[in-house]
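What you see is a predicted model, and the numbers here were worked out from it, not measured in a lab. The first residue in the sequence is number 1, and the count goes up from there. Side chains included, hydrogens not; waters and symmetry mates left out as well; all remaining heavy atoms used.
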Amino acid sequence: MGKLTVRALRAVLVVVLTGTVLIQALMVWALVSGSDPEDGSLPLTPLRVITILGIGTAQVALVCVWRLVTMVRRGTVFSHAAFRYVDVIIGAIVAAALMWFAVTAVNAPGQRDDPGVTLIMGGIGVAILGVALIVLVLRMLLAQAVARDVEAAQMQAELDEVI
C-alpha cells in the first residue's frame, strides 16, 4: 500500500471519526438537556440512544481499520494479531445491524398505514448483516494468507538449513 493511499485513507478516517464524535456529542447534549420537546409523533429519546450507540459501533470499526492500515504499512498484517481487529470489525457491524433493527422496531408503530417502510428498513438491516458476512469471508481469506505465510517461512527455514 502506497504512502499516498495510506495518508488519504487516514485523512478520511480522521474526518469521519471527528464528524461522528461531534454528532454523538450533539445527540448526548439534546438527550441530556431535553431542549428538543417531543411532540409525540416519534419517540425521540429511544431513537437518540440507539443513534448514539450505533455511531459508537461505527467509531469502533474506524479505529480497527486504522490499526489494520498501520499493520499493512508495517508489513505485519499477515499475522495472528490482525484477526483481533477483523473480529472486532465484524462484531461492530453485527452490533450496527442490531441497532438498525432496534430503530426499525421503534419506528414500526408509526408506519401502520404504510408497512412497506418497515419492510424496507428490515431489508436494510439484513443487508448490513450481509456486510458482516462479507467481512467474515475476507477474514477467512486472511487466515489462509497467514497460514501460507507461516508455511512459506517454514519452507524457507528448511531451505536455509539445506544450503
(message) With heavy-atom distances below 4.5 Å as the criterion, would you say the side chains of Thr57 and Leu98 are in contact?
(response) no
(message) Between Val16 and Val21, is there shared hydrophobic-cluster membership here, with clusters defined by ILVMFWY side-chain heavy atoms closer than 4.5 Å?
(response) no
(message) Show the nearest heavy-atom pair for residues Gly125 and Ala97, with the distance to one decimal.
(response) O-CB, 4.0 Å
(request) Grab the two heavy atoms, one from Gln24 and one from Gly56, that are nearest each other, plus how far apart they are. (result) NE2-N, 3.5 Å
(request) Rounded to the nearest 0.5 Å, what's the gap from CZ on Arg67 to CE on Met71? Could you check? (result) 7.5 Å
(message) Please determine whether residues Val72 and Leu138 belong to a single hydrophobic cluster, defined as Ile, Leu, Val, Met, Phe, Trp and Tyr linked transitively by side-chain heavy-atom distances below 4.5 Å.
(response) no
(request) Report the distance from atom CG of Leu26 to atom OG1 of Thr51, rounding to the nearest 0.5 Å. (result) 12.5 Å
(request) Treat each ILVMFWY residue as a node, draw an edge where side-chain heavy atoms are under 4.5 Å apart, and state whether Met27 and Val32 are in one component. (result) yes
(request) Indicate the atoms forming the closest heavy-atom contact of Ile89 with Cys64, along with that distance. (result) CG1-CB, 3.5 Å
(request) Take atom CZ of Phe78 as the centre, draw a 6.0 Å sphere, and report whether it contains more than 12 heavy atoms from other residues, nucleotides or ligands. (result) no
(message) Could you walk me through whether Thr5 and Arg73 satisfy the side-chain hydrogen bond (donor to acceptor under 3.5 Å, both in side chains) test, starting with their C-alpha distance in whole Å, then the side-chain angles of each, then the deciding distance to 0.1 Å, before giving a yes or no?
(response) CA-CA 10 Å; Thr5 306; Arg73 192 72 190 125; over 6 Å; no
(message) I'd like to know if Ile134 and Leu142 are part of one continuous hydrophobic network [Ile/Leu/Val/Met/Phe/Trp/Tyr, side-chain heavy atoms within less than 4.5 Å].
(response) no
(message) Nearest 0.5 angstrom please: Ile128 CD1 to Ile93 CD1, how far?
(response) 9.5 Å
(message) So Val126 and Phe101, do their side chains get closer than 4.5 Å, heavy atoms only?
(response) yes
(request) Any chance you could measure Ile52, atom CD1, to Ile23, atom CD1, to the nearest 0.5 Å? (result) 11.5 Å
(message) Would you compute the distance between atom OG1 of Thr20 and atom CD1 of Ile55 and round it to the nearest 0.5 angstrom?
(response) 6.5 Å
(message) Would you compute the distance between atom CG of Leu119 and atom CD1 of Ile124 and round it to the nearest 0.5 angstrom?
(response) 11.5 Å
(message) Side chains of Val88 and Val60, heavy atoms from C-beta outward: is any pair under 4.5 Å?
(response) yes
(request) Flag yes if Leu13 and Val6 sit in one hydrophobic cluster, no otherwise; membership is Ile, Leu, Val, Met, Phe, Trp, Tyr, and two members link when side-chain heavy atoms are under 4.5 Å apart. (result) yes
(request) Report yes if the side chains of Val146 and Phe83 come closer than 4.5 Å at any heavy-atom pair, otherwise no. (result) yes
